[in-house]
Amino acid sequence: MKKVEATYPPSEKFKSTGRFVQRTYSGKELSKIADLVQHPAEGSVYAAVSFYAMGGAIASVGKRDTAFFFRDARYILGIQSVWTDDCAAKVNREWVQERFQSIKPITRGSFVNFPISNLPNYEREYFGGSAPTLNRINRKYDPFNVFTFPQGLK
């Protein structure tokens with residue numbers, strides 16, 4: 001994240017989120033996805049839909065062999081908005097949240113590196129079937145919950 005942050009000027013702020021794509025989309029679905037960024041939020045200086053390719057080495061490791069459960073996805077579908085003025089933060093975050101809700105029905109699981117607020121059952125969304133194992137490991141190595149954050153393992 002620090003490397004990504006370093007590519008932005010200090011005055012620039014952004015919100016990104018991403019979900020996993022398991023299948024090929026129809027032309028109609030792709031058109032709806034493209035439409036998501038046709039009207040950026042007020043104060044936005046950049047809005048994007050991105051597809052991050054998966055497969056290859058990512059898919060060669062079993063989904064239960066690491067914490068990264070959604071290895072079988074074809075892509076990560078990302079949504080991003082960038083703004084420079086602090087007063088635009090709220091509306092841009094809401095804009096990303098709305099688009100997240102639009103892509104949720106056609107995707108499965110959320111990419112933990114692009115966290116999204118108010119995600120119900122976030123452990124399952126981020127870690128899939130690995131969540132119970134990760135929680136057992138967390139209880140063993142962090143019994144006092146020192147490493148905690150709002151969407152961390154319970």
Side-chain angles (χ1 to χ4, degrees), residues 1-10 12-37 40-41 44 46-83 92-154:
M1 192 61 185
K2 294 292 183 195
K3 286 183 180 182
V4 172
E5 269 180 19
T7 66
Y8 290 87
E12 204 165 50
K13 289 92 173 156
F14 69 95
K15 177 65 189 158
S16 298
T17 191
R19 303 262 310 159
F20 295 100
V21 175
Q22 267 44 33
R23 62 180 177 81
T24 301
Y25 291 137
S26 69
K28 185 176 180 180
E29 288 171 315
L30 289 170
S31 181
K32 284 183 179 181
I33 291 168
D35 285 346
L36 292 173
V37 293
S44 175
Y46 175 79
V49 169
S50 302
F51 286 88
Y52 301 91
M54 293 184 56
I58 295 170
S60 70
V61 177
K63 62 181 359 182
R64 297 200 183 267
D65 293 340
T66 72
F68 187 34
F69 184 78
F70 296 100
R71 294 180 167 279
D72 57 346
R74 299 176 74 180
Y75 303 94
I76 298 169
L77 171 52
I79 305 284
Q80 180 181 42
S81 186
V82 178
W83 61 93
N92 277 266
R93 287 186 184 113
E94 289 170 350
W95 183 92
V96 170
Q97 182 71 249
E98 289 167 7
R99 274 124 191 98
F100 175 86
Q101 294 304 325
S102 295
I103 66 170
K104 197 171 181 192
I106 60 169
T107 56
R108 186 174 54 114
S110 289
F111 188 41
V112 71
N113 287 21
F114 302 151
I116 187 94
S117 299
N118 304 318
L119 182 60
N121 199 5
Y122 65 85
E123 286 185 334
R124 187 82 166 144
E125 291 285 349
Y126 292 143
F127 306 115
S130 296
T133 302
L134 293 172
N135 273 308
R136 281 193 303 277
I137 293 167
N138 189 52
R139 282 191 299 276
K140 179 178 179 179
Y141 291 100
D142 187 17
F144 302 109
N145 209 19
V146 172
F147 300 101
T148 186
F149 56 97
Q151 290 184 335
L153 294 165
K154 298 175 185 161

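The minimum heavy-atom distance linking V37 with A47 is given by the pair CG1-C, 4.2 Å. I79 and V49 make their closest contact through CD1-CG2, 3.8 Å (heavy atoms, listed as atom of the first residue, atom of the second, distance). The two residues Y25 and I106 come nearest to each other via the heavy atoms OH-O, 2.7 Å. Taking every heavy atom of both residues into account, G18 and F114 meet most closely at N-CB, 3.6 Å. S60 and A57 get closest at one heavy-atom pair: OG-O, 2.7 Å.
Checked against ring pair (Phe, Tyr, Trp, His ring centres under 6.0 Å), F127 has no partners two or more places apart in sequence or in another chain. Applying the side chain to side chain contact (heavy atoms under 4.5 Å, CB included) test to R71 and every residue at least two apart in sequence or in another chain returns I58, V61, T66, F68. For F100, there are no ring pair (Phe, Tyr, Trp, His ring centres under 6.0 Å) partners at least two apart in sequence or on another chain. The side chain to side chain donor-acceptor pair (under 3.5 Å) search around S31 returns none, not counting sequence neighbours. For R139, the side chain to side chain contact (heavy atoms under 4.5 Å, CB included) partners are N135, R136, not counting sequence neighbours. Take E125 and apply the salt bridge (charged side-chain N to carboxylate O under 4.0 Å, His left out) test, not counting sequence neighbours, and it matches R19, K104. Judged as a side chain to side chain contact (heavy atoms under 4.5 Å, CB included), and not counting sequence neighbours, the contacts of S50 are A48, Y52. Every residue meeting the side chain to side chain contact (heavy atoms under 4.5 Å, CB included) condition with S26, not counting sequence neighbours, appears here in chain and number order: K28, E29. A search for side chain to side chain donor-acceptor pair (under 3.5 Å) contacts involving S130 returns nothing, not counting sequence neighbours. Checked against side chain to side chain donor-acceptor pair (under 3.5 Å), K63 has the following partners two or more places apart in sequence or in another chain: D72. Residues passing the side chain to side chain donor-acceptor pair (under 3.5 Å) test with T17: none are found, sequence neighbours excluded.
In this structure, CD1 in I33 is found 5.0 Å from CG in L77, a value given to the nearest 0.5 Å. For the atom pair OG (S81) and CZ (F14), the distance works out to 11.0 Å, reported to the nearest 0.5 Å. The line from CD of Q22 to CE of M54 is 8.0 Å long, rounded to the nearest 0.5 Å. Going from atom CH2 of W83 over to atom CZ of R93 covers 4.5 Å, rounded to the nearest 0.5 Å. The CZ atom of F70 lies 9.5 Å from the OG1 atom of T107; values are rounded to the nearest 0.5 Å. Between the NZ atom in K15 and the CH2 atom in W95 there is a gap of 12.5 Å [rounded to 0.5 Å].
With hydrogens and angles disregarded, a donor-acceptor distance shorter than 3.5 Å links the side chain of R64 to the backbone of G129. At least one donor-acceptor pair under 3.5 Å links the side chain of Q97 to the backbone N or O of S117.
Heavy-atom neighbours of Y122 OH from other residues, nucleotides or ligands within 6.0 Å: above the threshold of 12. Under a cut-off of 6.0 angstrom, the local environment of CG in N118 is sparse, with at most 12 non-hydrogen atoms contributed by other residues, nucleotides or ligands.
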Solution key, residues 142-152 side-chain donor-acceptor pairs under 3.5 Å, sequence neighbours excluded:
unit_1: D142; atom_1: OD1; unit_2: N145; atom_2: N; d: 3.3
unit_1: D142; atom_1: OD1; unit_2: V146; atom_2: N; d: 2.7
unit_1: D142; atom_1: OD2; unit_2: V146; atom_2: N; d: 3.2
unit_1: D142; atom_1: OD2; unit_2: F147; atom_2: N; d: 3.0
unit_1: Q151; atom_1: OE1; unit_2: Y126; atom_2: OH; d: 2.5
unit_1: Q151; atom_1: NE2; unit_2: I116; atom_2: O; d: 2.8

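Between N92 and V96 there is no side-chain heavy-atom pair separated by less than 4.5 Å.
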